[in-house]
Amino acid sequence: RAAIETAWPGIELLVLPADPAGRLPAEALERVDFAYFSGDVYPDYSRSFFAAAQGAPNLRWLHTFNAGVDNPVFRRFLDRGVVLSTSSGSTAQPIAQSVIGGMLLLARPFLRWAAAQRRRAWEPVPASEAPADLAGQRMTVVGLGAIGTEVARLARAFGLAVTGVRRSPRREDDPVERVEPPGRLEELARETDWLVLACPLTEETRGLVSERVLRALPRGAYVLNVARGEVVDEAALIAALRDGHLGGAYLDVFATEPLPPESPLWELPNVVISPHNSAVAAGNERRATEGYFLPNLARMRRGERLVNEVR
Ligand code: NAD
């Protein structure tokens with residue numbers, strides 16, 4: 001509250017009650033110009049928040065703690081001319097750390113060690129079954145934005161050669177060997193041991209990782225998805241994991257969430273699942289508020305262009 005009042009002295013602050021049924025009276029909603037979805041999440045909070053924001057007739061700007069705004073709830077604000085900005089970047093570090101954690105679980109024999117540990121069995125992996133060296137392997141990061149860039153930076157510390165895919169060309173400080181434009185994924189897949197998905201879900205990326213792309217990956221390659229489930233053909237992914245074409249996967253996002261209990265993904269060996277939770281970290285709300293919302297509030301006050309404005 002104090003920081004908001006410092007960013008915009010005299011601003012009137014209304015806080016939606018911390019209750020799923022929380023409502024603001026209609027006359028209060030009429031005075032709302034800006035709304036901040038701070039990610040203070042508890043069941044049904046989002047529903048009551050977005051209902052309140054939609055019910056604010058004079059709303060001009062909505063800032064959200066989210067990075068991805070493919071959920072249709074956001075489209076409705078854009079359609080009524082509300083400026084929308086995100087906190088893309090505020091969770092890039094923990095998500096990238098989860099990606100690297102998933103990579104290490106799959107690249108080193110942790111799943112095998114853990115299974116033996118549960119049986120109290122001392123079962124060293126013999127040299128004849130030693131996993132491939134990670135250094136020198138090739139990673140392709142689709143979506144070299146806030147998350148993808150952090151994944152690339154960390155992966156290079158393990159000696160991987162990283163290719164990034166994004167629309168804009170290579171910048172000097174990109175922590176990658178090369179940057180490729182979208183549209184060549186099948187070709188790139190042929191020389192990819194680790195395929196990382198960190199792009200937004202758009203018409204262009206829906207189903208981008210098709211059966212053809214998955215089959216173009218070398219045998220034993222891995223898929224790491226922290227983008228959105230719909231970026232991958234999930235049925236083709238399951239088939240490629242089942243028949244051993246793929247070596248494994250770390251999946252945080254799924255075509256249907258929560259992942260249904262009957263999904264074969266739960267049971268596949270060499271699949272590491274996190275329940276759309278790769279970002280979880282105590283510092284996220286502070287990073288979103290201090291790093292994105294408050295600076296944008298100050299920019300809004302000065303009439304400047306916002307950071308992470310969705311167009
Ligand atoms: P960002 O905007 O910083 O980066 C996205 C990058 O993707 C940009 O570089 C953009 O050029 C690139 N891109 C766009 N279209 C592309 C295409 N067709 N092919 C390849 N690259 C393309 O966003 P970010 O903060 O890094 O987040 C990326 C996405 O990750 C979000 O849109 C969201 O869907 C997802 N995400 C997931 C979680 C999670 O909890 N798993 C959390 C945050 C974000």
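Ligands are counted one by one from 1 in listed order, and the atoms in each one are counted from 1 as well.
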Atom CZ of Arg301 and atom CG of Asn296: how far apart are they, to the nearest 0.5 Å?
->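 Going from CZ on Arg301 over to CG on Asn296, the span is 14.5 Å.
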
Using the side-chain hydrogen bond (donor to acceptor under 3.5 Å, both in side chains) rule, collect all pairs that involve residues 145-165, keeping only residues at least two apart or in two chains.
->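 Sorted result for residues 145-165: Glu150-Arg153, Arg156-Glu177, Thr163-Arg178.
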
Atoms of ligand 1, numbered as shown, that sit under 4.0 Å from any heavy atom of [X]:
{"X": "Pro200", "result": "5 (C), 7 (O), 13 (N), 14 (C), 32 (O)"}
{"X": "Arg228", "result": "33 (C), 34 (O), 35 (C), 36 (N), 37 (C)"}
{"X": "His276", "result": "39 (C), 40 (O), 41 (N)"}
{"X": "Glu204", "result": "18 (N)"}
{"X": "Arg166", "result": "9 (O), 11 (O), 21 (N)"}
{"X": "Ala146", "result": "1 (P), 3 (O), 4 (O), 25 (O), 26 (O)"}
{"X": "Ala67", "result": "25 (O), 43 (C), 44 (C)"}

Given Ser88 and Tyr292, is the side-chain hydrogen bond (donor to acceptor under 3.5 Å, both in side chains) satisfied, shown in steps?
-> CA-CA 8 Å; Ser88 167; Tyr292 298 86; over 6 Å; no

Yes or no on ring pair (Phe, Tyr, Trp, His ring centres under 6.0 Å) for Phe293 and Phe65, after CA distance, side-chain angles and deciding distance?
-> CA-CA 8 Å; Phe293 170 64; Phe65 83 99; over 10 Å; no

[atom]: the protein heavy-atom neighbour that sits closest, reported with distance to 0.1 Å:
{"atom": "atom 41 (N) of ligand 1", "answer": "Asp252 OD2, 2.8 Å"}
{"atom": "atom 28 (C) of ligand 1", "answer": "Ala198 O, 3.3 Å"}
{"atom": "atom 27 (O) of ligand 1", "answer": "Ile147 CD1, 3.5 Å"}
{"atom": "atom 15 (N) of ligand 1", "answer": "Arg167 NH2, 3.5 Å"}
{"atom": "atom 42 (C) of ligand 1", "answer": "Ile95 CD1, 3.1 Å"}
{"atom": "atom 24 (P) of ligand 1", "answer": "Ser88 OG, 3.5 Å"}
{"atom": "atom 4 (O) of ligand 1", "answer": "Gly145 CA, 3.1 Å"}

Heavy-atom distances under 4.0 Å are what count here, so tell me which part of [X] touches ligand 1: side chain, backbone, both or neither.
{"X": "Val165", "value": "both"}
{"X": "Ser168", "value": "neither"}
{"X": "Leu144", "value": "backbone"}

Under 4.0 Å between a Lys/Arg side-chain N and an Asp/Glu carboxylate O for [X] and [Y]?
{"X": "Arg138", "Y": "Glu191", "answer": "no"}
{"X": "Glu204", "Y": "Arg167", "answer": "yes"}
{"X": "Glu230", "Y": "Arg228", "answer": "no"}

If we ignore angles and hydrogens, is there a donor and acceptor under 3.5 Å between the side chains of Thr140 and Thr192?
->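 Indeed, the side chains of Thr140 and Thr192 share at least one donor-acceptor pair under 3.5 Å.
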
Scan side-chain atoms only and decide if His63 and Ser38 contain a donor-acceptor pair under the 3.5 Å cut-off.
->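 Side chains of His63 and Ser38: no pair found under 3.5 Å.
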
Proximity flag Ala92 to ligand 1, non-hydrogen atoms under 4.0 Å =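 Not so, Ala92 does not reach ligand 1.
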
Quick one: does Val142 get a heavy atom under 4.0 Å from ligand 1?
->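 Val142: in contact with ligand 1 (<4.0 Å).
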
Return the option from Gly68, Gly148, Gly143, Cys199 holding the heavy atom at the smallest distance from atom 29 (C) of ligand 1.
->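 The residue whose heavy atom sits nearest atom 29 (C) of ligand 1 is Cys199.
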
With Trp194, the side-chain contact (heavy atoms from CB on, under 4.5 Å) member among Leu134, Val141, Val162, Val223 =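 The single option meeting the side-chain contact (heavy atoms from CB on, under 4.5 Å) with Trp194 is Leu134.
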
Under 6.0 Å from the CD atom of Glu309, do we count more than 12 heavy atoms belonging to anything else shown?
->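 Correct, the count exceeds 12.
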
Got an N/O contact under 3.5 Å between Thr205 and ligand 1?
->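 No - when backbone and side-chain N and O of Thr205 are compared with those of ligand 1, no distance drops under 3.5 Å.
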
Does the N or O separation between Val226 and ligand 1 drop below 3.5 Å for any pair?
->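 N/O-N/O distance under 3.5 Å: yes.
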
Is the shortest heavy-atom distance from the side chain of Phe254 to the side chain of Leu265 under 4.5 Å?
->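 Yes, at least one pair of side-chain atoms sits under 4.5 Å.
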
Show me, pair by pair, the donor-acceptor contacts under 3.5 angstrom made by side chains of residues 55-62, not counting sequence neighbours?
| from | atom 1 | to | atom 2 | distance (Å) |
| --- | --- | --- | --- | --- |
| Asn58 | ND2 | Glu30 | O | 2.7 |
| Trp61 | NE1 | Ser85 | OG | 2.8 |

